[in-house]
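Report on one structure; see the data block that follows.
For ligands, and for the atoms within them, numbers begin at 1 and follow the listed sequence. Note that the numbering runs from 1 along the sequence shown for the chain.
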Amino acid sequence: MSARFGFALLATDGSARAGVMETAHGVVETPAFMPVGTAGTVKAMTADAVRATGARIVLANTYHLMLRPGAERVARLGGLRRMMDWPGPILTDSGGFQVMSLARLRRIEAGGVTFRSHIDGTAHLLTPERSIGIQHQLDATVSMVLDECTPFPATEAEARASMELSLGWAARSKHAFVARLGYALFGIVQGGIFPDLRAASAAGLADIGFDGYAVGGLAVGEGQAAMFEVLDATVGLLPADRPRYLMGVGTPEDILGAVARGIDMFDCVIPTRSGRMARGYTRRGVVNLRNARFADDAGPLDPGCGCPGCARHSRAYLHHLFKAGEMLGPMLLTWHNLTYYQDLMRGLRAAITQGRLAEHATALRDGWAAGGA
Ligand SMILES: [Zn+2]
């Protein structure tokens, strides 16, 4: 039983929005955070554990999956959702970002990008049509257009050429996308840090017409202030009746600022990667559980958190697990960090709905600044 893809705004508070995204594979309340399942798994987590954190949509990477195990194989095995045992919606990126950051000998042309696999050196060609075809084979609920993530820094001329290339690829991606009930294709705004280019990109994408709109090319070294400036110049130009997705962002502070500017969806490796590296995100800031001061600390990591690591274990135990190199340490802390991020999003949704986002933001920042975690 498939539902039509849709997005409904439930409340606004300033520029911030609370809404609901309906898909073929379930409903997602927004603002939403998508855990990153790079290679078809949210690292160190079972699918049930991911769902227990409150996550309702996860992200997977086209680049990694096309190389290993291969999109055709995933399709033969019933699609990525079946393989992962994740019944909910999945969003796949187009592969473009990882080609730029991971692949060797890459060459960008109007047709697409040729590259060699970072795993075994085999040659591949990724075109807009091929990217959309792979995402179809993966059975992605939400597919992304192939784009070029404009490097930072870039001159205005470089950013313009990159943005125009991405706009052409966006049109080809739309043409290649096979519409199915409850499935969606999102466009991606590029243009570097230049407001005029961002505006041209947003207008061009709206002319083509997409189910949702992402802001790409940020969190690549420009800094939070520049990122917020780009959002201030861009978000208001995106169709208000479609979900807006800020790709690859970010810290809790980044997310708070972006939600206040009207962003509805996020993905980032920070909570999962940090969890594997002993960094815990809490209501009282970030802590490093390798720190010796936790060796005898019998208290929970975050008293406000209901995850297994906080509800059933002490900081001293988590410290011990990391010191001993036990795999349960990364597992428990990943679970905690993802729970913290989902709690953060739930709190933001409630605050927007109740029209008290500004007060809520102040309380969050006061907690992070107070430390003591
Ligand atoms: Zn916890």
Side-chain angles (χ1 to χ4, degrees), residues 28-38 41-59 86 88 249-256 259 266-351 360-361 363-373:
V28 180
E29 292 180 276
T30 63
F33 181 81
M34 300 182 280
V36 176
T38 304
T41 160
V42 177
K43 293 187 196 304
M45 298 282 284
T46 64
D48 283 347
V50 174
R51 193 157 183 89
T53 68
R56 290 296 175 265
I57 178 170
V58 298
L59 176 142
W86 176 261
V249 175
T251 64
E253 179 73 45
D254 291 336
I255 290 174
L256 180 54
V259 163
F266 301 87
D267 82 277
C268 191
V269 296
I270 283 178
T272 39
R273 181 173 291 165
S274 298
R276 300 195 299 280
M277 299 173 68
R279 284 168 58 82
Y281 281 79
T282 80
R283 286 156 181 78
R284 307 273 285 181
V286 185
V287 299
N288 184 344
L289 282 154
R290 290 187 180 278
N291 195 308
R293 69 189 168 98
F294 297 121
D296 287 297
D297 190 335
L301 172 57
D302 186 335
C305 178
C307 85
C310 294
R312 298 179 4 209
H313 298 293
S314 63
R315 291 170 169 187
Y317 183 57
L318 294 171
H319 170 79
H320 160 70
L321 292 174
F322 277 101
K323 291 293 281 187
E326 287 290 341
M327 67 174 78
L328 186 58
M331 290 167 66
L332 286 174
L333 198 55
T334 299
W335 194 324
H336 165 78
N337 282 345
L338 287 177
T339 302
Y340 178 72
Y341 266 62
Q342 294 300 333
D343 287 353
L344 174 69
M345 306 315 291
R346 191 179 302 111
L348 293 172
R349 292 194 296 267
H360 185 66
L364 284 173
R365 291 194 179 103
D366 287 349
W368 297 330

May I ask you to decide if P300's main-chain N or O and R315's side chain share a donor-acceptor pair within less than 3.5 Å? yes
**Prompt:** Judged by atom type as modelled, is there a donor-acceptor pair below 3.5 Å linking the side chain of R56 to the main-chain atoms of R51?
**Reply:** yes
*Sidechain N-carboxylate O distance under 4.0 Å for R346, E29*: no
Taking D302 for its side chain and T282 for its backbone only, find out whether a donor-acceptor pair lies under 3.5 Å. no
Looking at side-chain heavy atoms only, is the closest gap between V42 and W86 below 4.5 Å?
no
When I255, L59, I57 are each screened for side chain to side chain contact (heavy atoms under 4.5 Å, CB included) with F33, the one that passes is I255
Sorted by chain and number, protein N/O/S atoms nearer to the Zn ion (ligand 1) than 2.8 Å are C305 SG, C307 SG, C310 SG, H336 ND1
